[in-house]
Amino acid sequence: MPPKKKARVTKRTAKSDKDERESVSTVKAADKTAGHKRKAVSSVETGNNGTSESSGAPQYCHWLMKSEPESRFENGIDVKFGIEDLKALPDQTDCWDGVRNYQARNFMRQMKEGQLAFFYHSNCKDPGIAGIMKIVKEAYVDHTQFDKKDVHYDASSKPENPKWSMVDVQYQRMMKRFLPLSELKKYHLEHRPKGGILKDMALFTRARLSVQPLTAEEFDFILSLEDKEPL
DNA sequence: GCCAACGTTGGC
DNA sequence: GCCAACGTTGGC
């Protein structure tokens with residue numbers, strides 16, 4: 001299997017379905033402290049993860065997924081995986097393993113074949129959106145959770161009841177120009193007081209989430225930046 | 001290397 | 001079920 005995607009995840013995540021549910025309520029509690037910004041996100045999350053109530057919440061269909069393009073060693077293993085690494089693989093396809101955060105996992109479980117995701121470079125000299133990939137296989141069991149040698153091994157997850165999922169992604173293209181975090185942030189800050197398109201972008205309102213949804217408007221706006229001068 | 005933000009753990 | 005302590009994320 002593929003290089004370790006380092007979805008920067010908390011290794012020590014919790015145990016059973018019960019915890020899983022609690023983690024959702026934790027999210028809701030966090031909502032209160034974080035103000036209104038997360039409402040849309042959490043309603044969709046709880047409505048669409050397949051474990052909870054039916055709801056008319058809109059389905060997200062665009063995504064942003066973070067990975068680290070520069071070498072970093074975790075337990076002696078290099079977790080580097082940038083967009084160039086994806087591009088270099090057979091079929092330019094890989095499984096997005098190693099996600100160990102319930103919210104991120106739940107978003108992956110919502111992903112449908114054919115949807116597009118930005119490949120975001122994190123924890124590096126030049127963080128930002130590097131390119132676009134396509135979801136080519138919907139959520140299935142992340143085998144690395146059972147692999148003691150794997151950086152993201154989770155001793156608390158049992159094969160009879162796997163905790164973590166992954167999707168397969170395929171490289172589509174590089175951005176016409178790299179879209180740096182700093183530029184996205186400028187738009188976010190500009191939009192926030194004016195109700196602009198990036199005002200609630202998860203990258204800024206949910207900073208540590210390694211797999212996050214984008215609205216169609218956010219996705220299209222970011223794409224439009226490719227043809228603009230850097231801010 | 002620092003450290004703010006925030007999710008998770010575990011005592012109570 | 002609360003919440004303080006702890007650990008991680010990830011930009012700077």
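In what follows, chains are A, B, ... by sequence order, proteins preceding strands, each numbered from 1.
- Distance from the side chain of A:K66 is smallest to C:dG10 among C:dG10, C:dG11, B:dG7.
- Using cut-offs of 30° and 60° on the angle between ring planes, the pair A:F107 and A:W63 is tilted.
- Nearest nucleotide to the side chain of A:Y102, out of B:dC6, C:dG10, B:dT8: B:dT8.
- At distances below 3.5 Å, at least one donor-acceptor pair connects side-chain atoms of A:K186 with backbone N or O atoms of A:L231.
- The CG-P distance, from A:N123 to C:dG10, rounds to 7 Å in whole Å.
- Using modelled atom types and a 3.5 Å distance limit, the side chains of A:S165 and A:R105 yield no donor-acceptor pair.
- Distance from the side chain of A:Y120 is smallest for C:dG11 among the nucleotides C:dG11, C:dG7, B:dT8.
- Look at CZ on A:R72: it is 15 Å from C1' on B:dG1, rounded to the nearest Å.
- Atom P of nucleotide C:dG11 and atom CG of A:L203 are separated by 8 Å, given to the nearest angstrom.
- One can place NZ of A:K185 at 14 Å from P of B:dA4, the figure rounded to the nearest angstrom.
- Over its full length, the helix from B:dG1-C:dC12 to B:dC12-C:dG1 turns its helical axis through 10°, comparing axes from the five pairs at each end and rounding to 10°.
- Among residues two or more places apart in sequence or in another chain, the ring-ring contact (aromatic ring centres under 6.0 Å, His included) test is passed with A:Y120 by none.
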* Asked: Given the rule in the salt bridge (Lys or Arg N to Asp or Glu O under 4.0 Å) test, do A:E226 and A:R173 qualify, once you have shown the distances and angles that lead to the verdict?
  -> CA-CA 12 Å; A:E226 289 185 300; A:R173 66 174 179 86; 2.7 Å; yes
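- Whole-Å rounding puts the A:E183 CD to C:dG11 P distance at 16 Å.
- A:F204 comes within 4.0 angstrom of nothing in the nucleic acid, heavy atoms only.
- A straight line from NZ of A:K186 to P of C:dC12 spans 11 Å, rounded to a whole angstrom.
- Using a 4.0 Å cut-off between charged nitrogen and carboxylate oxygen, A:E74 and A:R72 count as a salt-bridge pair.
- Ion pairing between A:R100 and A:D142 holds under the 4.0 Å rule for side-chain N and carboxylate O.
- Atom CG in A:L181 sits about 11 Å away from atom P in C:dG10, given to the nearest Å.
- A:E74 places its CD atom 10 Å from the C1' atom of C:dT8, with the value rounded to the nearest Å.
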